[in-house]
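Following: one structure in structure tokens, then a few remarks.
These figures come from a predicted structure and were not determined experimentally. Residues: numbered from 1 along the sequence shown. Ligands are counted one by one from 1 in listed order, and the atoms in each one are counted from 1 as well.
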Amino acid sequence: MASLALYRKYRPKTFAEIIGQEHVVQTLKNALAHGLVSHAYLFCGTRGSGKTTMARLLAKAVNCEKLGKDGEPCNACSACQEINGGRAMDLVEIDAASNRGIDEIRELKEGIKFMPVKLKYKVFVIDEAHQLTKEAANALLKTLEEPPAHAIFILATTETHKMIGTIMSRCQRFDFRKLRAEEMVQRLNTLAKKEHLEVEKAALELIALAAQGSLRDAESILDKVLTFQLGSGTKKKGIDADQVKELLGLVDINLVAQLAQLLVERKGKEAIGFLSSALEQGSDPYEFAKALATHLRYSLLVKISPDLENVLLAGYTKEQKERMKKQTALWEERDLQKAVELFLAAENKMKYAYIPQLPLELAIIETCERK
Ligand SMILES: Nc1ncnc2c1ncn2[C@@H]1O[C@H](COP(=O)(O)OP(=O)(O)O)[C@@H](O)[C@H]1O
Ligand SMILES: [Mg+2]
Ligand SMILES: [Zn+2]
């Protein structure tokens, strides 16, 4: 039986279970193993990349009574169990997005003076730390300047550029990166297995792409798919790509890439035929146009600056990236730029068009017939 909130049910309990973020894991484990823990950390990076998970792991590891030589918490001692069960009084989690005021920080400052109730360290996790008011941030800064020996602060933020410099300079900073499609597919696969569900690889790839580097989002989408399937009353055991597409209103980027290939080869007639069969098979014309414009835009940006590949194509699988690179090489930059313009304009016109796919067809013809 599938349950809701996979991301809560399967939050990693060891460093070994963390996906990606190798540099963060390695540095923290080393510090723990050598007893060199600092008093203030800053975890920066995109949502759903493991910041809160890592903060709780770190809180557990510094307090673990039987810490492994490799820095892994034992998950068996009372400290580990309290933290795993969400019962630890000495792990204080503050969401700065909803507790922005100086009063909360004042309370926190009062709280810091007291020794931990039970554990070795009192750990304060301040999420979305960039949202603290100036006063609250200043109060925090004073504490960070002279942190008591029993306190550890872990600040997390999705918007590093909004953090106050003086606070940042007091913290050991770690940057969390977006997760790659392959990494997410692997994790989703593991979760599906634990829930005794068969999910087609192509379905997982679609979910990973839609999640855009956030593993939490990927897990939430998988949740939705499972709930949807349970509710549909079908006897079918597996989940396939079509079900995911239907649920998310997604366009198959493989179809989009194939159409773009026909464009770069200037096969206008084939491209029109391909489009109409894709739409007959149920792709939404507007979503399709948007996906095509995005595909061409990525192509253009990667052509101009190959460094952008890792950022833009983070959600693509290796094969999809390879295909994109080959296709990009075939374009003349000027033609590609013109194509992006044409398809963006088509996407806009479609909102008002009497025949929704007509602007798209005209853009195809114009792209393929350009001298
Ligand atoms: N790097 C990761 N490794 C393994 N699981 C992850 C990772 N990042 C996110 N997750 C999954 O997503 C959920 C939410 O992650 P979380 O740590 O709360 O992200 P953040 O705080 O960066 O927004 C976790 O419970 C876990 O299931
Ligand atoms: Mg978080
Ligand atoms: Zn322990």
Side-chain angles (χ1 to χ4, degrees), residues 3-26 28 32-33 41-88 90-91 93-98 118-121 123-131 154-160 174-192 194-195 207-208 211-223 314:
S3 78
L4 293 178
L6 289 171
Y7 81 87
R8 266 196 232 119
K9 187 166 170 191
Y10 295 111
R11 197 186 281 277
K13 294 196 166 56
T14 59
F15 287 112
E17 284 172 79
I18 298 275
I19 306 204
Q21 324 305 4
E22 296 82 2
H23 59 297
V24 187
V25 169
Q26 199 50 49
L28 288 179
L32 285 160
Y41 292 94
L42 175 62
F43 292 172
C44 306
T46 191
R47 56 186 247 114
S49 57
K51 299 181 300 298
T52 300
T53 307
M54 194 78 82
R56 290 187 190 163
L57 254 172
L58 181 57
K60 206 161 61 179
V62 294
N63 283 305
C64 178
E65 292 149 25
K66 279 191 175 161
L67 188 74
K69 281 204 185 77
D70 57 354
E72 286 282 12
C74 75
N75 283 311
C77 72
S78 67
C80 281
Q81 283 186 354
E82 265 194 23
I83 291 180
N84 282 343
R87 298 185 303 270
D90 294 315
L91 172 56
E93 295 192 33
I94 297 164
D95 178 9
S98 50
K118 251 179 119 174
L119 306 180
K120 218 177 336 173
Y121 290 101
V123 181
F124 297 87
V125 179
I126 306 179
D127 212 353
E128 299 304 347
H130 64 273
Q131 292 221 34
I154 307 171
L155 280 53
T157 180
T158 48
E159 298 185 55
T160 320
F174 288 104
D175 290 289
F176 286 59
R177 63 167 170 82
K178 284 189 176 188
L179 292 156
R180 285 192 286 272
E182 280 94 354
E183 294 170 328
M184 294 206 262
V185 167
Q186 207 187 353
R187 163 91 173 164
L188 294 175
N189 202 11
T190 311
L191 296 192
K194 286 190 181 167
E195 294 285 324
I207 295 176
Q212 299 212 11
S214 164
L215 193 45
R216 192 207 348 251
D217 289 0
E219 291 176 8
S220 300
I221 297 172
L222 184 61
D223 256 336

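The protein heavy-atom contact nearest to atom 9 (C) of ligand 1 is G48 O, 3.3 Å. I19 O, 2.8 Å is the protein heavy atom nearest to atom 1 (N) of ligand 1. Regarding atom 17 (O) of ligand 1, its nearest protein heavy-atom neighbour is T53 OG1, 2.5 Å. Among all protein heavy atoms, the one lying closest to atom 18 (O) of ligand 1 is R11 NH1, 3.2 Å. The protein atom (non-hydrogen) at minimum distance from atom 11 (C) of ligand 1 is E219 OE2, 3.5 Å. Looking at atom 7 (C) of ligand 1, its nearest protein heavy atom turns out to be L215 CD2, 3.6 Å.
Here L179 contributes atom CG and T46 contributes atom OG1; the two are 8.5 Å apart, rounded to the nearest 0.5 Å.
Side-chain atoms of N63 come within 3.5 Å of backbone N or O of K120 as a donor-acceptor pair. Between the side chain of E128 and the backbone N or O of T157 there is no donor-acceptor pair closer than 3.5 Å. Remark: the backbone N or O of L191 is not paired with any side-chain donor or acceptor of E195 at under 3.5 angstrom. At least one donor-acceptor pair closer than 3.5 Å links the side chain of S214 to the backbone N or O of R47. With hydrogens and angles disregarded, a donor-acceptor distance shorter than 3.5 Å links the side chain of Q21 to the backbone of R177.
Contacts with ligand 1 closer than 4.0 Å are made by no heavy atom of R8, backbone or side chain. Heavy atoms of M54 found under 4.0 angstrom from ligand 1: none, in either backbone or side chain. With a 4.0 Å heavy-atom cut-off, ligand 1 is reached by the backbone of S49 and by its side chain too.
Backbone and side-chain nitrogen or oxygen atoms of Q21 are examined, and none is located within less than 3.5 angstrom of a nitrogen or oxygen of ligand 1. The N/O atoms of R47, backbone and side chain alike, include none that comes under 3.5 Å of an N/O atom in ligand 1. When only interatomic distances are considered, the shortest N/O to N/O separation between L179 and ligand 1 does not fall below 3.5 Å.
Nearest to atom 25 (O) of ligand 1 by heavy-atom distance, out of Y7, F15, Y10, is Y7.
Annotation for G71 and F15: closest pair O-CE1, 3.5 Å, computed over non-hydrogen atoms. Between L91 and A59, the shortest heavy-atom distance links the atoms CD1-CB, 3.9 Å.
Ionic pairing of D127 and K51 is not present here: no N-O contact between side-chain nitrogen and carboxylate oxygen is shorter than 4.0 angstrom.
For ligand 1, the atoms sitting less than 4.0 Å from at least one non-hydrogen atom of K51 are 17 (O), 19 (O), 20 (P), 21 (O), 22 (O), 23 (O), numbered in the order shown with element in parentheses.
Counting only N and O atoms by type, the side chains of K60 and N84 include a donor and acceptor under 3.5 Å apart.
The Mg ion (ligand 2) has an N, O or S atom of T52 closer than 2.8 Å.
For C64 atom SG and C74 atom SG, the angle they make at the Zn ion (ligand 3) is roughly 100°, to 10 degrees.
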